[in-house]
Amino acid sequence: MEKADRFNGGKPKYGLLPSWLLAGTAYRLEAGAKKYSAWNWMKGDYVSELVSSLERHVIDFKYGETVDPDPQMNGTDHIDAIICNALFIKNVLINHPELDDRFKIEK
């Protein structure tokens, strides 16, 4: 049998994403959907708010706390919150640039 022609050059190779490392992030998104609503994060938020959230989770992790103590986050890790916040920032930069309120230094 002959292999079908495929034109996959230049397309992302999603098979390289380590799903076993992203499972906690999926659980975090699931907990967020229950707390806020599914896909609420797609509406966007100010980048400064998202960065502040990301930084709070980094600080908690940096000083030894692995699991987020928020009971609504179902025992998900701070690392998963950091990943989610990074994804949320990327969403804003792509889909809601009007919410990019970062301070920009003039060069």
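These values consider heavy atoms only, across backbone and side chains, with no hydrogens, waters or symmetry-generated copies. None of the values given here were measured: they were computed from a predicted structure.
Under the 4.5 Å side-chain heavy-atom criterion for ILVMFWY residues, no single connected hydrophobic cluster contains both I82 and V67. L54 and Y36 are not part of a single hydrophobic cluster, where members link through side-chain heavy atoms under 4.5 Å apart. V58 and I83 fall within a single hydrophobic cluster, where Ile, Leu, Val, Met, Phe, Trp and Tyr are joined by side-chain heavy atoms under 4.5 Å apart, directly or via other members. One hydrophobic cluster, built from ILVMFWY side chains closer than 4.5 Å, holds both V51 and L93.
Taken to the nearest 0.5 Å, the CG atom of N74 stands 5.5 Å off from the NZ atom of K34. One finds the CG atom of L29 at 8.0 Å from the CH2 atom of W39 (value rounded to the nearest 0.5 Å). One finds the CZ atom of F61 at 4.0 Å from the CD1 atom of I79 (value rounded to the nearest 0.5 Å). Interatomic distance, L50 CG to C84 SG, rounded to the nearest 0.5 Å: 11.0 Å. Note that CG of D77 and CD of E65 are 10.5 Å apart. Values are rounded to the nearest 0.5 Å. With rounding to the nearest 0.5 Å, the separation of CG in D45 from CD1 in I89 is 10.0 Å.
At least one donor-acceptor pair closer than 3.5 Å links the side chain of H96 to the backbone N or O of M42. A side-chain donor-acceptor contact under 3.5 Å links N85 to the backbone of A81. D70 contributes a side-chain N or O that, together with a main-chain N or O of Q72, makes up a donor-acceptor pair within less than 3.5 Å. The closest donor-acceptor contact from the side chain of K104 to the backbone of R102 lies under 3.5 Å.
Listed here is the closest heavy atom pair of V47 and D101: N-OD1, 3.3 Å. Counting all heavy atoms, side chain and backbone alike, K13 lies closest to N8 at NZ-O, 4.3 Å. Residues L99 and G44 share a closest heavy-atom pair of CD1-C, 3.7 Å.
Between M73 and D80, every side-chain heavy-atom pair lies at or beyond the 4.5 Å cut-off. No side-chain heavy atom of V92 sits less than 4.5 Å from a side-chain heavy atom of F88.
Using a 30° and 60° split on the angle between ring planes, H78 and H57 fall in the tilted class, from 30° to 60°.
At most 12 non-hydrogen atoms from other residues, nucleotides or ligands lie less than 6.0 angstrom from NZ of K90.
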